[in-house]
There are 2 protein chains.
Amino acid sequence: MAAAKMMIVEDDAALSELIQWHFEREGFDVRVTPDGEEALLLAAEETPDIVLLDWMIEGLSGLEVCRRLRRTAPTANVPVIMLTARGEEEDRIRGLETGADDYVTKPFSPRELVARVAAVLRRIRPALAGESLYYADIEMDTVAHKVKRDGKPIALGPTEFRLLRHLLEHPGWVFSRERLLDAVWGHDSDIEVRTVDVHIRRLRQAINAHGGTDIIRTVRSAGYALDADRRL
Amino acid sequence: MAAAKMMIVEDDAALSELIQWHFEREGFDVRVTPDGEEALLLAAEETPDIVLLDWMIEGLSGLEVCRRLRRTAPTANVPVIMLTARGEEEDRIRGLETGADDYVTKPFSPRELVARVAAVLRRIRPALAGESLYYADIEMDTVAHKVKRDGKPIALGPTEFRLLRHLLEHPGWVFSRERLLDAVWGHDSDIEVRTVDVHIRRLRQAINAHGGTDIIRTVRSAGYALDADRRL
DNA sequence: CTTTAATGTCATAAATCGATCATGATCTGT
DNA sequence: ACAGATCATGATCGATTTATGACATTAAAG
């Protein structure tokens, strides 16, 4: 799973550690800073996928950090969730109007924060919220129709794409050529079963083009399977 | 900007009227129903831009309505804000995990609800919130109907403008010609799907007129997508 | 009313894909 | 080691999909 990059801007060390722990457990790649200025620098450097921003921080106010994030090109579309002790309606509304995507009032439960982050990410980067398929070092974004291996993009034709998707949906399973024809070509295709071989080959070629082991296993007299651990 | 269509699903008539009044004052085109089943029918008919959904309604539960909206093609991406009397963390999390985009606890102030709706729309359909859209070196002012690339103004016909706007709202996503017809021409247009090709071409021509790489990606047998990073 | 711009459709060219076959390699059981 | 079966691979040619230019019709502007 490609980790989503999260930036936490929070000057209560105990709290930020707690949050960090929870999100790292969820597989996020978390960066923490207590300082507004530093947050802006960090964000400019390595654009995060989502920002958790405390309203009351040293230096710049959270509101100001949010505003500046919005104004700078690479971070203009990064979702921001405000964390705050204030429960006043007036403040909530100001936060939202400044461009925050959501607003969570302290004290909050980590689980709810995780759920809200997931809801926001589901919108912005479906790839980060389960619309993607992963296996070993392969990553398929089904929404953008892109495939990567080890971070490098792989070009696939339509049939190879569908074939790989089906394999990725059931990693490890061995599929007979007949079942692959059903699943990938459709139940009513009167296609030569051996044609599957050819597409498997093309898929292998594309996937292994830039090195790496062959993760498609041929199971003699049975079919094919996705399998990174080939030691039989 | 064409008024954003809102659907309110709420069986407390007094409350739904109050909300309706507030949003109509904000320029929304509001449709109200107290019933879950009817809500689904209505939504399928004329896809709303945002749904306010009471958790406790007659017939289907709000949660179930949300789930079904998410499962059906045209409404799968419509943002949903849950309204509820329950303040329990457990419920909030279930709501968010079901696919709700936000969660507001009764009693709430209309102003805050308006702010939250604006925040959700800004994130999901920035064009409806009167925001400008940016992607790579493209900049679209949805209010003034002006488009620039690399600072230089680009002339677009109305259809190309709507097409580009839709692509800009979901950069990276691959849309089939059918979905583009729905989104750009309307659900009930009986237009030849291949016509999309022609408008894509016209859009490309206009955008690339003054140089620069083609940021519209053709995905064979799938559709088109906005994509500055074409290294497939 | 004339002129201009926009739009949908079609025909054709160009690009890409994909099914099949022929051949050589590899495996399996004996 | 051998025969038969199974699989890998490269090439090919037709089929499918997309790009493009032209045109007729309609709507908008002057």
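Side-chain atoms are counted along with the backbone in the values below, which use heavy atoms only and exclude waters and symmetry mates. Each chain gets a letter, A, B and so on, in the order the sequences are listed, and its residues count up from 1.
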message: Need one value for Thr159(A): base, sugar-phosphate or nothing, where a base atom within 4.0 Å counts as base even if backbone is also close, heavy atoms only.
response: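 The answer is sugar-phosphate, as Thr159(A) gets under 4.0 Å only of primed atoms, P, OP1 or OP2.
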
message: Classify Phe161(B) by what it touches in the nucleic acid, base, sugar-phosphate, or nothing, heavy-atom distance under 4.0 Å.
response: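 If one applies the 4.0 Å heavy-atom cut-off, Phe161(B) turns out to touch nothing in the nucleic acid.
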
Check the distance between [N]'s [atom2] and [X]'s [atom1] and give it to me in whole angstrom.
{"X": "Asp190(A)", "N": "dA15(D)", "atom1": "CG", "atom2": "P", "answer": "14 Å"}
{"X": "Leu163(A)", "N": "dC17(C)", "atom1": "CG", "atom2": "C1'", "answer": "15 Å"}
{"X": "Leu203(B)", "N": "dA19(D)", "atom1": "CG", "atom2": "P", "answer": "12 Å"}
{"X": "Ile200(B)", "N": "dG8(C)", "atom1": "CD1", "atom2": "P", "answer": "13 Å"}
{"X": "Ile191(A)", "N": "dG18(C)", "atom1": "CD1", "atom2": "P", "answer": "10 Å"}
{"X": "Ile216(B)", "N": "dT20(D)", "atom1": "CD1", "atom2": "P", "answer": "12 Å"}
{"X": "Arg204(A)", "N": "dA8(D)", "atom1": "CZ", "atom2": "C1'", "answer": "8 Å"}
{"X": "Arg202(A)", "N": "dC17(C)", "atom1": "CZ", "atom2": "P", "answer": "9 Å"}

Closest to side chain of [X], choosing from [options]:
{"X": "Arg201(A)", "options": "dT7(C), dG10(D), dC7(D)", "answer": "dG10(D)"}
{"X": "Asp197(B)", "options": "dT18(D), dT20(C), dA8(D)", "answer": "dT18(D)"}
{"X": "Glu160(A)", "options": "dT18(D), dG18(C), dG8(C)", "answer": "dG18(C)"}
{"X": "Trp185(B)", "options": "dA19(D), dG18(C), dG8(C)", "answer": "dG8(C)"}
{"X": "Pro158(B)", "options": "dT18(D), dG8(C), dA6(C)", "answer": "dA6(C)"}

query: Is any side-chain N or O of Arg220(A) under 3.5 Å from a base N or O of dC7(D), one able to act as donor and the other as acceptor?
result: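 Donor-acceptor pair under 3.5 Å: no.
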
field: Nearest-nucleotide comparison on DNA chain D, the residue closer to the 5′ end among Tyr224(A) and Val198(B)
entry: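 In this pair, the answer is Tyr224(A).
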
task: Could you verify whether a donor N or O on one side chain and an acceptor N or O on the other, from Arg204(B) and Thr218(B), lie under 3.5 Å apart?
output: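 Distance-only check passes for Arg204(B) and Thr218(B).
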
task: Could you grab the distance from atom CZ of Arg116(A) to atom CG of Leu121(A), nearest 0.5 Å is fine?
output: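 Separation between the atoms: 13.5 Å.
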
Is there a side-chain contact between [X] and the phosphate of [N], meaning an N or O under 4.0 Å from OP1 or OP2?
{"X": "Gln205(A)", "N": "dG10(D)", "value": "yes"}
{"X": "Ser221(A)", "N": "dT28(C)", "value": "no"}
{"X": "Arg194(A)", "N": "dC7(D)", "value": "yes"}
{"X": "His199(B)", "N": "dT7(C)", "value": "no"}
{"X": "Thr195(A)", "N": "dT20(C)", "value": "yes"}

- prompt: Any donor and acceptor pair, going by atom type alone, linking the side chain of Arg70(B) with main-chain N or O of Ala76(B) inside 3.5 Å?
  reply: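 Checking the backbone N and O of Ala76(B) against the side chain of Arg70(B), a donor-acceptor pair under 3.5 Å is found.
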
Lys5(B) and Asp49(B) ion-paired at < 4.0 Å: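 Salt bridge flag = no for Asp49(B) with Lys5(B).
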
- prompt: Can we say Asp141(B) and Lys148(B) salt-bridge, meaning some charged N sits less than 4.0 Å from an Asp/Glu carboxylate O?
  reply: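 Answer for the salt bridge query: no.
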
task: Would you please classify the geometry between the Phe175(B) ring and the Trp173(B) ring as parallel, tilted or perpendicular, with 30° and 60° separating the classes?
output: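 Because their plane-to-plane angle is under 30°, the rings of Trp173(B) and Phe175(B) count as parallel.
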
